[in-house]
Amino acid sequence: AVMHAIGASGGSITVKDPIWPFFTKHWKVFDSFKPITFQNCFHYAAGILDYSNPGGQDTSLESIQSWYTTGEWASKKIIKEEIGKNRFYNNVCIAWFRIALFYMTADPSYIKQVEDIYPTNQALWNYIVCLWYRDYIRWYIFDDETVADTSPFGLTGSGSQMLYYPYPC
């Protein structure tokens with residue numbers, strides 16, 4: 001979905017661009033997060049040298065926000081010198097796309113409306129952003145709109161979100 005959005009941007013967004021500008025303005029980006037590019041995320045080379053959960057496997061909104069605003073989560077840190085180097089599989093790199101895709105592809109007037117919701121209702125903001133991710137995949141990636149779905153609340157109710165493909169896919 002993110003590669004589709006990058007291609008549809010007409011060159012205004014590339015895989016070499018940092019991902020941080022495509023997050024809510026209500027979060028202050030931490031210095032160690034700034035150099036992470038879309039390419040780093042695709043390659044799992046975002047400087048997170050951690051396979052554990054919690055840590056690099058946690059895809060909750062709390063995790064995403066913490067990595068973005070503090071450069072760490074669950075005592076794990078982004079190691080700035082490792083960005084673009086060592087590849088460590090982790091789900092959070094892909095979870096960042098759930099937020100970024102909305103800010104990459106939504107109409108600016110709609111983004112403003114959703115941003116205005118954030119200060120008073122972060123859960124609703126999160127729900128809208130997750131639905132955008134799901135709908136983008138339904139609209140542009142799969143022919144059958146029932147194939148992909150996003151669970152904004154997680155299967156355990158923990159707030160961990162996921163994209164899943166009901167059988168048969």
Side-chain angles (χ1 to χ4, degrees), residues 1-50 56-61 63-69 71 73 78-115 117-118 125-152 160-165 169:
V2 170
M3 285 302 297
H4 180 275
I6 289 171
S9 77
S12 64
I13 304 170
T14 73
V15 294
K16 303 269 187 194
D17 287 335
I19 191 173
W20 75 266
F22 301 99
F23 282 74
T24 176
K25 67 180 181 182
H26 297 285
W27 296 351
K28 185 178 184 308
V29 64
F30 194 74
D31 284 341
S32 64
F33 195 90
K34 283 184 177 181
I36 298 171
T37 66
F38 288 99
Q39 184 174 11
N40 297 145
C41 293
F42 286 124
H43 290 169
Y44 301 105
I48 301 172
L49 308 181
D50 177 55
Q57 302 308 327
D58 189 337
T59 61
S60 67
L61 180 61
S63 163
I64 292 168
Q65 184 176 4
S66 183
W67 285 114
Y68 186 87
T69 60
W73 176 250
I78 293 172
I79 302 169
K80 202 170 183 178
E81 299 76 32
E82 293 294 327
I83 295 172
K85 294 179 182 173
N86 291 317
R87 296 179 183 189
F88 278 77
Y89 177 82
N90 63 69
N91 288 326
V92 75
C93 285
I94 304 305
W96 294 335
F97 291 160
R98 194 172 61 242
I99 306 285
L101 188 67
F102 173 77
Y103 290 92
M104 293 168 69
T105 60
D107 182 88
S109 63
Y110 186 58
I111 291 173
K112 182 182 179 330
Q113 290 176 341
V114 174
E115 283 286 290
I117 292 169
Y118 185 90
W125 167 86
N126 184 44
Y127 187 73
I128 292 168
V129 169
C130 287
L131 289 181
W132 185 271
Y133 181 74
R134 180 204 63 193
D135 289 344
Y136 189 92
I137 289 171
R138 285 179 170 179
W139 298 330
Y140 298 107
I141 308 303
F142 295 114
D143 292 334
D144 179 357
E145 68 180 35
T146 63
V147 171
D149 205 355
T150 302
S151 171
S160 183
Q161 303 156 345
M162 62 184 294
L163 179 69
Y164 59 92
Y165 310 94
C169 178

Under 4.5 Å between any side-chain heavy atoms of T37 and I19, yes or no?
no
Does any non-hydrogen side-chain atom of M3 lie less than 4.5 Å from one of F42?
yes
Note, T24 side chain near V129 side chain (heavy atom, < 4.5 Å)
no
Decide if the gap between the ring center of F23 and the ring center of W67 is smaller than 6.0 angstrom.
no
Can you name the closest pair of heavy atoms from A46 and I78 and give their distance?
O-CG2, 3.5 Å
Side-chain heavy atoms of C130 within contact of R98, under 4.5 Å
yes
CD1 on I64 to SG on C93, rounded to 0.5 Å:
11.0 Å
Which value, rounded to the nearest 0.5 Å, describes the distance between K85 atom NZ and I79 atom CD1?
11.0 Å
Apply side-chain contact (heavy atoms from CB on, under 4.5 Å) to F22 and I13, showing your working.
CA-CA 10 Å; F22 301 99; I13 304 170; 3.8 Å; yes
Taking all heavy atoms of F38 and all of P18, pick out the closest pair and write down the distance.
CE1-O, 3.8 Å
Keeping K34 on the side-chain end and F30 on the backbone end, is there a donor-acceptor pair under 3.5 Å?
no
In the structure I gave you, are the side-chain heavy atoms of V15 and I6 within less than 4.5 Å of one another anywhere?
yes
Ring-plane angle category for W125 and W27, please: parallel below 30°, perpendicular beyond 60°, tilted otherwise.
perpendicular
Does the separation of the ring centres of F88 and Y44 fall below 6.0 angstrom?
no
Within the 3.5 Å criterion, strictly below it, is a donor on E115 or Y110 matched to an acceptor on the partner's side chain?
no
If we count only N and O atoms by modelled type, under 3.5 Å, do the side chains of W132 and Y103 hold a donor and an acceptor together?
no
Grab the two heavy atoms, one from S32 and one from I83, that are nearest each other, plus how far apart they are.
O-CD1, 3.5 Å
Between atom CG of N40 and atom CZ of R87, what is the distance when rounded to the nearest 0.5 Å?
9.5 Å
Please confirm whether the ring centroid of F97 lies under 6.0 Å from the ring centroid of F102.
no
With rounding to the nearest 0.5 angstrom, report the CH2 to CD distance, W96 to Q65.
13.5 Å
How long is the span from the CG atom in N126 to the CD1 atom in I99, to the nearest 0.5 Å?
6.0 Å
Distance, nearest 0.5 Å, that separates SG of C41 from CD1 of I36
6.0 Å
Working note: D58 + V92, criterion side-chain contact (heavy atoms from CB on, under 4.5 Å); need CA distance, chi angles, decisive distance, verdict.
CA-CA 6 Å; D58 189 337; V92 75; over 6 Å; no
I need the minimum non-hydrogen distance between P35 and D31, along with the two atoms involved.
CD-O, 3.4 Å
S66 (side chain) donor-acceptor with S63 (main chain) under 3.5 angstrom
no
For the residue pair W20 and F33, is the inter-centroid distance of their aromatic rings smaller than 6.0 Å?
no
When you compare the side chain of H4 with that of Y136, does any pair of heavy atoms fall below 4.5 Å?
yes
Would you check if I128 and Y133 make a side-chain contact, meaning some heavy-atom pair closer than 4.5 Å?
no
